[in-house]
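First up is the structure itself, then whatever we jot down about it.
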Amino acid sequence: NVPYEFNHSDLSASVAFLQSHLADAEASGRAVDWPTLTYMVCEVQYGGRITDEYDRRLFATYGQNWLSPHTLDAGFEFYRGYRIPPASDIDQCRKYVDSLPLIDSPEIFGLHPNADLVFRARQTKRVLR
């Protein structure tokens, strides 16, 4: 496992690009260019920090699945119970987010449930050093 130094500026840059791209598409009447969104987020903003080829492929796979038109379908879920909130205002979105578990299962990220045990064991060793 290679630890990557993702930070808030990665998120901010991705959000800014997404907002700009979506606003441009809406203003010009064009459809959203999903491959461009995927490339910019998965290969440039976040992907630029990923050095392991298998990690890059995995991240690109997540991008292809999550940055696509089917995520807007009514029944789409990122994982059981994790979907885009069917809300039109911020208070409804916050209520939905507050209803999610405080600790996510590793399965949400495609990992085996034991990944959480390994993570917590390593975290404990670091704290006790």
Side-chain angles (χ1 to χ4, degrees):
N1 286 337
V2 179
Y4 297 107
E5 297 291 327
F6 299 125
N7 56 50
H8 189 67
S9 66
D10 298 316
L11 175 62
S12 297
S14 294
V15 168
F17 176 78
L18 292 169
Q19 287 174 329
S20 174
H21 182 77
L22 295 175
D24 288 347
E26 183 177 43
S28 66
R30 288 183 291 113
V32 173
D33 186 346
W34 294 99
T36 297
L37 290 179
T38 302
Y39 179 80
M40 288 301 294
V41 171
C42 297
E43 297 292 335
V44 178
Q45 272 111 354
Y46 280 100
R49 296 186 183 271
I50 300 174
T51 56
D52 181 78
E53 183 57 32
Y54 288 113
D55 290 344
R56 290 180 74 85
R57 288 170 50 190
L58 177 63
F59 196 68
T61 299
Y62 281 132
Q64 289 168 358
N65 285 302
W66 292 350
L67 297 173
S68 67
H70 80 276
T71 59
L72 304 176
D73 294 344
F76 176 79
E77 291 184 316
F78 292 100
Y79 183 75
R80 290 182 307 263
Y82 288 77
R83 56 186 166 72
I84 296 174
S88 58
D89 69 53
I90 192 69
D91 290 329
Q92 289 176 326
C93 288
R94 286 181 177 141
K95 185 176 179 180
Y96 171 75
V97 169
D98 288 342
S99 75
L100 296 172
L102 292 176
I103 298 174
D104 297 318
S105 165
E107 293 173 294
I108 292 169
F109 307 104
L111 301 172
H112 190 276
N114 286 343
D116 190 49
L117 296 172
V118 172
F119 167 74
R120 296 199 184 282
R122 286 182 182 164
Q123 192 176 39
T124 301
K125 286 180 183 177
R126 276 191 227 128
V127 168
L128 296 176
R129 285 187 196 163

Subject >> Pair Leu100-Tyr96, side chain to side chain contact (heavy atoms under 4.5 Å, CB included): steps then yes or no >> reply: CA-CA 7 Å; Leu100 296 172; Tyr96 171 75; 3.9 Å; yes
Original post:
Within the distance-only criterion (no hydrogens, no angle test), does the side chain of Asp10 pair as donor or acceptor with the backbone N or O of Asn7 below 3.5 angstrom?
Top reply: yes
Subject >> Heavy-atom closest pair, residues Arg49 and Ser9 >> reply: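 Arg49 and Ser9 have their closest heavy atoms at NH2-OG, 4.4 Å.
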Original post:
Who pairs with Arg30 by salt bridge (charged side-chain N to carboxylate O under 4.0 Å, His left out), at least two apart in sequence or on another chain?
Top reply: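 Salt bridge (charged side-chain N to carboxylate O under 4.0 Å, His left out) list for Arg30, sorted by chain: empty.
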Subject >> Set of salt bridge (charged side-chain N to carboxylate O under 4.0 Å, His left out) partners for Glu77, sequence neighbours left out >> reply: none
Enter the distance from [X]:[atom1] to [Y]:[atom2] here, rounded to the nearest 0.5 Å.
X: Thr71; Y: Asn65; atom1: OG1; atom2: CG; result: 10.0 Å
X: Leu67; Y: Met40; atom1: CG; atom2: CE; result: 12.0 Å
X: Ser14; Y: Gln19; atom1: OG; atom2: CD; result: 11.0 Å

Original post:
Is there a path of hydrophobic side-chain contacts, each under 4.5 Å between heavy atoms of I, L, V, M, F, W or Y residues, that connects Phe6 with Tyr54?
Top reply: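 No, separate clusters.
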Determine all donor-acceptor pairs shorter than 3.5 Å in which one atom belongs to a side chain in residues 57-64; sequence neighbours excluded.
unit_1	atom_1	unit_2	atom_2	d
Thr61	OG1	Arg57	O	2.9
Tyr62	OH	Phe109	O	2.1

**OP:** Give every residue pair that meets the ring-ring contact (aromatic ring centres under 6.0 Å, His included) criterion with at least one member in residues 10-41, sequence neighbours excluded.
**Re:** Phe17-His21
Could you pull out every donor-acceptor pair under 3.5 Å between side chains of residues 112-121 and any protein atom, sequence neighbours left out?
unit_1	atom_1	unit_2	atom_2	d
His112	ND1	Asn114	N	2.9
Asp116	OD1	Arg120	NE	3.3
Asp116	OD2	Arg120	NE	3.2

Original post:
What residues form a side-chain contact (heavy atoms from CB on, under 4.5 Å) with Ser20, not counting sequence neighbours?
Top reply: Asp24
**OP:** Could I get the full list of side-chain contact (heavy atoms from CB on, under 4.5 Å) partners for Thr51, not counting sequence neighbours?
**Re:**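 Per chain and number, Thr51 pairs via side-chain contact (heavy atoms from CB on, under 4.5 Å) with Val2, Tyr4.
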Original post:
Does the side chain to side chain contact (heavy atoms under 4.5 Å, CB included) test come out yes or no for His70 and Asp73, once each step is laid out?
Top reply: CA-CA 5 Å; His70 80 276; Asp73 294 344; 3.7 Å; yes
Could you go through residues 80-91 and list every donor-acceptor pair under 3.5 Å that involves a side-chain atom there, pairing it with any protein atom two or more places apart or in another chain?
unit_1	atom_1	unit_2	atom_2	d
Tyr82	OH	Asp104	OD1	2.7
Asp89	OD1	Asp91	N	3.0
Asp89	OD1	Gln92	N	2.9

Under the rule for side chain to side chain donor-acceptor pair (under 3.5 Å), what residues qualify as partners of [X], not counting sequence neighbours?
X: Glu107; value: Tyr79, Ser105
X: Asp33; value: Thr36
X: Ser99; value: none

Original post:
More than 12 non-hydrogen atoms from neighbouring residues, nucleotides or ligands closer than 6.0 Å to CD on Glu26, yes or no?
Top reply: no
Original post:
Would the number of heavy atoms belonging to other residues, nucleotides or ligands and lying under 6.0 Å from CG of Leu128 be above 12?
Top reply: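 More than 12 heavy atoms, drawn from other residues, nucleotides or ligands, come within 6.0 Å of this atom.
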Subject >> Partner set under ring-ring contact (aromatic ring centres under 6.0 Å, His included) for His8, not counting sequence neighbours >> reply: none
Original post:
What's the verdict on side chain to side chain contact (heavy atoms under 4.5 Å, CB included) for Phe78 and Ile108, showing C-alpha distance, side-chain angles and the deciding distance?
Top reply: CA-CA 8 Å; Phe78 292 100; Ile108 292 169; 6.0 Å; no
